[in-house]
Undergrad: 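Encoded as C-alpha cells, here's the structure I'll be asking about.
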Amino acid sequence: MTDKATGETGVKGPDELRRQIERTRSELGDTVEQLAGKMDVKGRARARAADLRDKAGAMTVQLRSTAALAGHTVQERAAQAGHIVQERATQAGHRVQDRATNTGRQMIQAGHTAQDKAADTGRTLEHRAERDLPWPARPVVRAAVRHPRPALIIGAALAVVVVVGWRYPKK
C-alpha cells in the first residue's frame, strides 16, 4: 500500500501506524522465539533424552510386570497340581490304610508304599507343571525370577536399543 512516487504509506493516521508497528513487533518477536527454539540444540537434546528415559522406564515396568505375571502363573499351576495330587494321594492312602487295618501289617505297608509313590508323583507333576512354559520363555522367566535386578537392567537396555533403532533408522 505504499505509493513509491509520493512516499505515502496508505496508513490512515498515527493510531493505525502505531497498531501496525505493534503488530509487526509482535510477529517479529514470535519469529525470533521460534528461531531461538530451533537454535537451542542442547535444550532439545535434553528434552529428547528425558522423553526416552520416560519411555525406557515405562517399558521396564511393563517387562517387570509381565515376567512377574508369568512367574506367578507357573507357580500357581504347579501349586494347584501339587495340591490335587497330594489330596488324591492322601485319600488313596487313607483308603489303603483302612483296608490294611482290617488285613494286618502287610496292608499297612502297602498303604505307606502307595502314599510314598503318590507323593513322588505329586512332586513329579509339580516339577512338570513348572516346565510347561513354552521353551523360549522358560529360561527367561526362571532367570528373571532368580535374578530380578539384572533382568530389569537388561530389559531396560533392550528397550532403549529398540526405541533408538526405531526412532533413528539407518539410511
Side-chain angles (χ1 to χ4, degrees), residues 22-97 108-171:
E22 194 58 39
R23 191 171 41 244
T24 303
R25 281 182 183 163
S26 175
E27 290 172 4
L28 185 59
D30 292 343
T31 304
V32 168
E33 266 185 48
Q34 289 174 355
L35 287 174
K38 288 182 180 180
M39 293 304 292
D40 185 18
V41 175
K42 211 181 231 185
R44 287 173 44 201
R46 284 187 187 131
R48 180 77 178 130
D51 185 41
L52 288 174
R53 270 193 302 272
D54 291 344
K55 286 181 182 178
M59 288 182 123
T60 300
V61 169
Q62 185 179 9
L63 287 171
R64 175 186 275 178
S65 66
T66 302
L69 181 63
H72 289 302
T73 302
V74 168
Q75 195 173 13
E76 276 182 24
R77 287 181 183 172
Q80 287 174 350
H83 289 304
I84 289 171
V85 169
Q86 281 180 340
E87 183 178 321
R88 288 180 183 169
T90 303
Q91 290 172 355
H94 287 303
R95 282 193 299 264
V96 170
Q97 265 184 338
I108 291 173
Q109 206 169 16
H112 287 300
T113 303
Q115 207 170 13
D116 290 342
K117 285 183 180 180
D120 287 343
T121 304
R123 284 190 289 276
T124 302
L125 286 176
E126 203 169 337
H127 184 66
R128 283 184 185 169
E130 181 181 347
R131 295 183 307 173
D132 277 349
L133 278 175
W135 177 81
R138 187 180 324 130
V140 173
V141 169
R142 284 184 184 161
V145 169
R146 279 190 227 124
H147 310 289
R149 185 172 289 147
L152 290 174
I153 291 170
I154 291 169
L158 181 63
V160 168
V161 167
V162 168
V163 169
V164 168
W166 177 65
R167 292 293 286 177
Y168 302 105
K170 290 183 179 181
K171 293 182 181 179

Undergrad: Who passes side-chain contact (heavy atoms from CB on, under 4.5 Å) against Val163, sequence neighbours left out?
TA: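 Result, side-chain contact (heavy atoms from CB on, under 4.5 Å) vs Val163: Leu52, Met59, Arg167.
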
Undergrad: Applying salt bridge (Lys or Arg N to Asp or Glu O under 4.0 Å) as the test, list every pair that has at least one member in residues 48-61; sequence neighbours left out.
TA: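 Residue pairs passing salt bridge (Lys or Arg N to Asp or Glu O under 4.0 Å), neighbours aside: Arg48-Asp51, Asp51-Lys55.
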
Undergrad: Tell me, please, which residues at least two apart from Gln91 pass side-chain contact (heavy atoms from CB on, under 4.5 Å).
TA: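 Here the qualifying residues are Glu87, Arg95.
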
Undergrad: Mind checking side-chain contact (heavy atoms from CB on, under 4.5 Å) for Arg25 and listing every partner two or more places apart, or none if nothing turns up?
TA: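 Scan of Arg25 (side-chain contact (heavy atoms from CB on, under 4.5 Å), adjacent residues dropped) gives Ile21, Glu22.
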
Undergrad: Please list every donor-acceptor pair under 3.5 Å in which a side-chain atom of residues 62-71 meets a protein atom from a residue at least two apart or in another chain.
TA:
residue : atom : partner : partner atom : Å
Ser65   : OG   : Val61   : O            : 3.4
Ser65   : OG   : Gln62   : O            : 2.9
Thr66   : OG1  : Gln62   : O            : 2.9

